[in-house]
Amino acid sequence: MSNKADRSILFPKSRFAWLWENMAGKRGLFVAALIGTVVYNILQLVVPFFSGKLVDLFLSLNESGETLSENAHTFYFFIGMMVGLTLFRVIVVYLTCMAFEHVSQSALFKIRNFLYDKIQRQDMKFYSTYRTGDLMTRVTGDLDAVRHNIAWVIRSIVESFTLFGAAAVYFLVMDWKLALAILVISPLIFVIIFRFRKTVAPKHALLREKLAGMNTYAQENISGNRVVKAFAREDYEIAKFDGANNDYAQTNINTQYTWLKFYPYVESIANLMPIVLLVIGGVFIINGDLSMGEYVSFSGLIWAIANPMRQMGNIMNEFQRFNAASAKVMEIYYSEPEIVDAPDAISHPGRFDGSIEFDHVSFQYEDGNLPVLKDVSFKARPGETIAIIGETGCGKTSLIQMIPRFYEPTSGHVLVDGVDVSRYKLEDLRKNIGLATQDVLLYSDTIEGNIAYGVSHLTAQEVVKFARYSAAEEFILKMPEGYDTIVGERGVGLSGGQKQRISLARALAIEPSILILDDTTSAVDMETEKHIQHSLRDLDFKCTKIIIAQRISTTKFADKILVLKDGRIIEEGSHEELVAKGGYYRDLVELQLGESVEALKGSVNIAD
Ligand code: DGT
Ligand code: MG
């Protein structure tokens, strides 16, 4: 996949084609709304048109000596047309506004659902690339700018052009010389607007980044507030947020002020028009080239030329906001995870036997500069327990992430049941793997709901069974509402060890063929851990276990222990073999148990 910077320019569709695609089902309504906009703007010219006619009527009466009552029918006709068409126009305006709102909300709904789906299905790399606050900005603020574009910007563009165009045509038909004298000024506005666009576009892009930055900042601080409190850094964080907020506000003001720099020119040109009309129109009337009624019509309609020009700045401003925001939304919309089912992926709906093989696996994170795993090879037979031990940062978590194919080896192969994991359908593979991750995340749900997360049809008895396996039952029953206790975001209200046990129960509940525990018992006491070790040995389903641990008490019962150092397996064998061998593992045993190897041999036997 291309990197993040490339992605934004590789959209397969233009912005408007993309919007059109997402208006599916509402396109007819959208087109009707556009036509409605054209219609009601042309109708705006009706009142001035009939006022002009009325003035001409009065003046002609004066000259001919007729009375108004003799021409009552013409008078009532004009008035009737003015009132009737105005009412009609109001109805059309109302309906088009409703239609634009409806279409824009429907597109918003559609895109938001699509984005959420996209985000859910992304791979690990995506999540390490994008920050949560930034993603949140995309599905909220940015998406609203997209909606606003449909509901307001596009409508305003059509409105301005229709009004301007209709008035221009009307003027030209009435008196082309006077019309040209007025219209000749208008191209100047476009020059100004074009220059404005160039100045303001990068400002909107910057503004959008600042907003995302501020949101990320707020999100990280709110979810990480425990750390803030622990270090009594509230004032510091508040000041920092104030800084970000202030920076955003300043950028916002600066962006909005940009228009103010151009505004005087646009306004002067717009205001020049009535003056031109007054001067040239006056001369025309004096010379008898223009009727008073025509002058009234011109003067009553001059706003229809000037206002669209004034509006251009606003429209361009909002359009640039849409440009910046839509680029962000489309980046996610069109992003594809790299790790997907192969076109000819093998379907394996049932259980796996659970054999695992790493065949000369090397791995490096794309954004990292050093290999994390180097030529790792080992095998686990179905039902075996493999323990992985090694100092922090040596690559344990990276290694196990290759099994559910969260990441793919840079070279070498990971095989499950003798087949490269990349050949399986992802869903089939992952459904067979129970994973308790290193940092536990529980959902805002009941404890029961959290345990049953992977299997929606789990019965209450089964939930209890898995809670017992993971030594969680005792503390769960002590909670105010037992299994129905709601645990908050990130398992607030539970201790680290309690969370780990629920996460273990959750991984066991899917009765996986492969169970991966990443430091899952690091926060539980020795006694509880022993209980867990026992239950793991006596599970009522067959399952291969990969257990990452720091404690010898966890590793010593494994069929095989892998000692990892700097991404390489440096020792491999059973507890006894490795102790006998004398090396890193034995040093670790002595360090942890604080005993000589001789005494230790005894303790192993006792423990067994
Ligand atoms: P632990 O959990 O502290 O005992 O450490 P391990 O053994 O689980 O280490 P691991 O696999 O998380 O990290 C191995 C190395 O890879 C370490 O230098 C940090 C680096 N690393 C981990 N995750 C990422 C990642 O998402 N991107 C990059 N670029 N590097 C990562
Ligand atoms: Mg780790």
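We count ligands from 1, going down the list as the structure has it; atoms in each ligand are counted the same way. It should be emphasised that the depicted structure is a prediction, and the values quoted were computed from it without experimental measurement. Each residue takes its place number in the sequence, starting with 1.
No cation-pi contact links Arg233 to Phe231, judged by a cut-off of 6.0 Å to the six-membered ring centre and 45° from its axis. A cation-pi geometry, defined here as NZ or CZ lying under 6.0 Å from the six-membered ring centre and within 45° of its normal, holds between Arg537 and Phe557.
Considering backbone and side-chain atoms alike, Asp519 places every N or O at 3.5 Å or more from each N or O of ligand 1. In terms of polar-atom proximity, defined here as any N/O pair under 3.5 Å, Cys394 does make such a contact with ligand 1. Taking only nitrogen or oxygen atoms, main chain and side chain alike, Gly393 reaches within less than 3.5 Å of ligand 1. Taking only nitrogen or oxygen atoms, main chain and side chain alike, Gly395 reaches within less than 3.5 Å of ligand 1.
Protein heavy atom at the shortest distance from atom 12 (O) of ligand 1 is Thr397 CB, 3.6 Å. Closest protein heavy atom to atom 22 (C) of ligand 1: Tyr365 CE1, 3.5 Å.
Counting atoms of ligand 1 from 1 in the listed order, those under 4.0 Å from a heavy atom of Gln550 are 4 (O). Of all atoms in ligand 1, numbered sequentially from 1 with element shown, those under 4.0 Å from a heavy atom of Gly368 are 29 (N).
Closest heavy-atom approach to atom 3 (O) of ligand 1 within the set Thr392, Ile400, Asp566: this belongs to Thr392. Nearest-heavy-atom check against atom 13 (O) of ligand 1 across Ser522, Ser398, Ser128 picks out Ser398. Counting only non-hydrogen atoms, the option in Ile388, Asp367, Thr129 that gets closest to atom 29 (N) of ligand 1 is Asp367. For atom 6 (P) of ligand 1, the nearest non-hydrogen atom from the set Gln438, Lys565, Lys396 belongs to Lys396.
Using a 4.0 angstrom heavy-atom cutoff, Met124 does not count as in contact with ligand 1.
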Please walk me through it: do Thr555 and Tyr585 pass side chain to side chain donor-acceptor pair (under 3.5 Å)? CA-CA 10 Å; Thr555 59; Tyr585 188 79; 2.9 Å; yes
Salt bridge (charged side-chain N to carboxylate O under 4.0 Å, His left out) for Asp134 and Arg208? Distances and angles first, verdict last. CA-CA 10 Å; Asp134 182 70; Arg208 193 264 156 216; 3.5 Å; yes
Stepwise, does the side chain to side chain donor-acceptor pair (under 3.5 Å) test hold for Ser513 with Asn432? CA-CA 5 Å; Ser513 331; Asn432 270 285; 2.6 Å; yes
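The only option from Asp247, Asn215, Thr255 that meets the side-chain hydrogen bond (donor to acceptor under 3.5 Å, both in side chains) definition with Lys210 turns out to be Asp247. Of the residues listed (Thr437, Asp518, Asp439, Thr392), the one engaging Thr397 in a side-chain hydrogen bond (donor to acceptor under 3.5 Å, both in side chains) is Asp518, and it is the only one. Paired with Tyr333 under the rule side chain to side chain contact (heavy atoms under 4.5 Å, CB included), one option of Lys118, Glu21, Arg138, Lys328 passes, and it is Glu21.
Taking the charged nitrogens against the carboxylate oxygens, Lys125 and Glu338 do have a contact shorter than 4.0 Å, which makes a salt bridge.
At least one N, O or S atom of Thr397 sits under 2.8 Å from the Mg ion (ligand 2). Taking 2.8 Å as the threshold, Gln438 counts as a candidate ligand of the Mg ion (ligand 2), since one of its N, O or S atoms lies below it.
For atom 25 (C) of ligand 1, the nearest protein heavy atom lies closer than 4.0 Å.
Looking at every heavy atom in both residues, Ile570 comes nearest to Lys581 through O-NZ, 4.1 Å.
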